[in-house]
Student: 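Quick one: the structure is below, questions incoming.
If you're wondering where the values come from, they're calculated on a predicted model, not measured in any experiment. One-based numbering along the sequence shown.
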Amino acid sequence: MTASTLLLIGAMMITLSILLSPLSNRLGVPVLLLFLVVGMLSGEEGPGGIQFNDVNTSFLVGNLALAIILLDGGMRTRVATFRVGLKPALMLATFGVVITAVITGLVAMWVFHLSLLSGLLIGTMVSSTDAAVVFALLQGKGLNLNERVGATLEIESGSNDPMAIFLTMLLISLIGEAGHVGWFDSALLLIKQFGIGVVAGAAAGYVLAWLIMNVTLTLALYPLLVTAFGLVVFSATNELGGSGFLAIYLCGVVVGNRKLKVLQDILHVHDGLAWLAQLVLFLILGLLVTPSNLLVVAPGALLIALVLTFFARPLSVWLGLLPFHFRWREVVFISWVGLRGAVPIVLALFPFMAGVQEAYLMFNVAFVVVLFSLIIQGSSLSTVARWLKLEVPAAYQAERVYPLDLKEAGDFELYVFRLRGKRWQTPRFLRDLALPKATGVAAVFRDGRYLPVVPDLAVKEEDLLALVAQESDLPRLSERLTAEQKSQYLQELDFFGEFLLNGDARLSDVQQAYGVTVPDADPAMTLSECIISRFHGHPVVGDKLELGSITLIVKGVNGDQVTSVGLKLNAF
C-alpha cells in the first residue's frame, strides 16, 4: 500500500469508531469494546480484509498509547485521595497481582496442558487491571463512587503494571533459561522496576511542574510540553531498567496536584489525546487478532476468564484488603472492577518478541479474557455500583472553569454556573445571593443576550452567571448556585437525611435533642470521634453508621476529621 492509502484507511477507521461511539450507551457496552470490534472487522477475516501481523509496530503503539493514558490518568488523580487509597491499592498492585497470577496460571496450565511456567505466564498476563479501561469507564459512566473505593481502584490500576511486567519478564527468562534464573537477579529486577519508577516519576513531575510555572510559552504549547516530557520520562525510565508506566503515572500525579495556571488547558487537550490513544490502541490490537483463532481457544479461555473473574480476583482482593477493614460492599465492587483491557494484550506480545513456543496461544487466550471482561464486567459497572449502594451525591460543580493566566490575578479563576432547579423558578435579585466576599459577578447571560450586572438584576432558571472567585470558595458558591440532583436516590435530602449536624456535636446532645438512644457508644464522644473509631481512622463522604435508632451519614470531611454529618431516624 502507498502512504496515502494507509493514511486513508487509518483515518476512515478512526472516523468510523468515533461515529459509532454513541452506540455504546444504547447497547450498554463500553465504547472501548466498539473500537476493538471495528479493528477486528477491518482485519483479514472481516469486511476490511486488511492483512496486519506486525508485532513490533503493535508493541510500540501499545506502549506509547498506554503511556499517554497513564499520564492523563495521573494528572486527574488527587493526592488527597492517597490517605484512604494508597496503602490498599499498593497491596492489590503487588500481593493481589501475584495471587491472581498464580491461581489463574494453574488453571491455564491444566486447561491447555502447558508446563507450569507457561501456564503461570498466561496467568501473569491477565493478572493486572487495566488503567485505560478503568479510567475510561469510571469517568465515562458518570459514577461518583465513595472516595475509598474510587481512589483504591484508580491508584491500583495506575500502579499494578510494574508487578505484572516484572513477573512476565521473569517467567520469560525462566522459560528461556530452562529455569536457571537466580533469586537475587529476580529480586533486583523487582526493586529496579518499582524503585527507579517511583524516584524517576516523582522527580520528573517536580521538574516538569517547575518548567510549566517558569517558562513562558504560547498557551497551546504547554500540553505538548507535558506530553513530550512525559514520554521522555517513560522512555528514560525503561532504559534504566525501571517501570516507565509507573514513572509516567507518578509524573502526572505530581503535575496534576500542583497549582498551575494552565492546568485546565493542559487537561482539556490531554482528554482528547487520551481518547485518541485508547482508540488507536484498541483498533490496532483488533487488527492484529485473527478471529478464527480465537474460536479454537475460546472454551478454555472462557473457563480461565470465569475463574479469574469469580474466584482469583475476588480472593486476592479479599486477602489484600483484609488489613484495611473495607466493608463487604466495597470489597465486592473492587473485585468486580478487575477490568482487563489493552495491558494483557500488550503483555501477550512479549512472548512473540522472546520467541516463546506457545506465544500464539497466549495471545489469543489473553484476547478472549479481555473481550469477556469488557462485555461482562464493563457493561455492568453502573448497575453493580448502584446495587451495592456505593454511589454518593456528586459534588456541586461549575459548568465551565477558565483559569486567569495572569500573575496579577493571583489564584482567582472565572467560573460559569447555569441556574437550574426549583430554587430558581422564582427570580432572585443579585444583591440577595449572599456570595462570598472575594467573589464578583462578571456577567449574566440569558437567551444569548448579555444583561448589565447591577444589584437590582433578577436572575432566574437557565440564566448563565460568570463569576470571578477563588477555588477555596467554590464549594460554597456551588452549593448556592447549582441545581438539585435529578436522580431521586442521589438527592442530598434523601441520601443524607433531613437533619445536618456538625462533626464536633456530642452524642449526648444528639440523644437529648432527638430523643433517641445510642447503645454501645460513649455519650461524651463527638460524632466525628465516633465515626472515626468505627471506620479505623479514614472516614469518607457517604460512610454510614447505624447506632440504634439513628443512622449517621458522613457528609463532609477534612483530612481524617468529619466536619458534617447527616442524621436519619430509623423506622422500626
Student: Sequence neighbours left out, what passes ring-ring contact (aromatic ring centres under 6.0 Å, His included) with Trp318? Give chain and number order.
Tutor: none

Student: Shortest non-hydrogen contact from Val255 to Leu263?
Tutor: O-CD1, 4.3 Å

Student: What donor-acceptor contacts under 3.5 angstrom involve side-chain atoms of residues 226-240, with partners at least two apart or in another chain?
Tutor:
residue: Thr227; atom: OG1; partner: Pro223; partner atom: O; Å: 3.0
residue: Thr227; atom: OG1; partner: His270; partner atom: NE2; Å: 3.0
residue: Ser235; atom: OG; partner: Leu231; partner atom: O; Å: 2.9
residue: Thr237; atom: OG1; partner: Val233; partner atom: O; Å: 2.6
residue: Asn238; atom: OD1; partner: Gly244; partner atom: N; Å: 3.0
residue: Asn238; atom: ND2; partner: Phe234; partner atom: O; Å: 3.3

Student: Would you call the rings of Phe363 and Phe367 parallel, tilted or perpendicular if under 30° counts as parallel and over 60° as perpendicular?
Tutor: tilted

Student: Considering only residues two or more places apart or on different chains, which pairs with a residue in residues 86-122 satisfy ring pair (Phe, Tyr, Trp, His ring centres under 6.0 Å)?
Tutor: none

Student: Scan residues 29-87 for pairs that pass ring pair (Phe, Tyr, Trp, His ring centres under 6.0 Å), counting only residues two or more places apart or in two chains.
Tutor: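 Residue pairs with at least one partner in residues 29-87: Phe59-Phe350.
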
Student: Among Arg148, Arg534, Arg329, Lys389, which residue meets the salt bridge (Lys or Arg N to Asp or Glu O under 4.0 Å) test with Asp543?
Tutor: Arg148

Student: Taking the six-membered ring for Trp and the full ring for Phe, Tyr or His, determine whether the centres of Phe333 and Trp387 are under 6.0 Å apart.
Tutor: no

Student: What pair of heavy atoms forms the shortest contact from Asn160 to Val97, and how long is it?
Tutor: CB-CG2, 3.9 Å

Student: What closest approach, in Å, do Pro88 and Leu321 show between heavy atoms, and which atom pair accounts for it?
Tutor: CB-CD2, 3.5 Å

Student: Ignoring hydrogens, what is the shortest heavy-atom contact between Leu267 and Arg76? Give both atom names and the distance.
Tutor: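 Where Leu267 meets Arg76 most closely, the heavy atoms are O-NH2, 2.9 Å.
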
Student: List in chain and number order the residues that pass side-chain hydrogen bond (donor to acceptor under 3.5 Å, both in side chains) with Ser292, two or more places apart in sequence or in another chain; answer none if no residue qualifies.
Tutor: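 Ser292: side-chain hydrogen bond (donor to acceptor under 3.5 Å, both in side chains) contacts with Glu45.
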
Student: Heavy atoms, side chains only, cut-off 4.5 Å: are Met13 and Val280 in contact?
Tutor: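 Sidechains of Val280 and Met13: no contact.
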
Student: How close do Val107 and Val307 get, counting heavy atoms only, and between which atoms?
Tutor: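 The answer is CG2-CG1, 3.7 Å.
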
Student: Does Arg83 come within less than 4.0 Å of Glu147, counting only side-chain N to carboxylate O?
Tutor: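 Yes, charged N to carboxylate O under 4.0 Å.
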
Student: So, Ser118 versus Ser115: side-chain donor-acceptor pair below 3.5 Å or not?
Tutor: yes

Student: How far does CG of Leu36 sit from CD1 of Ile284, to the nearest 0.5 angstrom?
Tutor: 12.5 Å

Student: To the nearest 0.5 angstrom, please state how far the NE2 atom of His538 sits from the NE2 atom of His325.
Tutor: 10.0 Å

Student: Check whether any side-chain heavy atom of Ile172 lies under 4.5 Å from a side-chain heavy atom of Leu117, and answer yes or no.
Tutor: no

Student: Please list, chain by chain and in numerical order, all residues satisfying salt bridge (charged side-chain N to carboxylate O under 4.0 Å, His left out) with Asp54, sequence neighbours excluded.
Tutor: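 Salt bridge (charged side-chain N to carboxylate O under 4.0 Å, His left out) list for Asp54, sorted by chain: empty.
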
Student: Check Leu339 against Ser373 and note the closest heavy-atom contact, atom names and distance.
Tutor: CA-OG, 3.5 Å

Student: Do Tyr360 and Phe352 have ring centroids that are under 6.0 Å from one another?
Tutor: yes

Student: If you round to the nearest 0.5 Å, how far is OG1 of Thr81 from CG of Leu86?
Tutor: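 Rounded to the nearest 0.5 Å, the CG-OG1 separation comes to 8.5 Å.
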
Student: Contact between Thr57 and Leu60 at the side-chain level, heavy atoms closer than 4.5 Å - yes or no?
Tutor: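 Result no, sub-4.5 Å side-chain heavy-atom pair not found.
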
Student: Inspect the surroundings of CE in Met12 and state if more than 12 heavy atoms from other residues, nucleotides or ligands are less than 6.0 Å away.
Tutor: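 At most 12 heavy atoms, drawn from other residues, nucleotides or ligands, come within 6.0 Å of this atom.
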
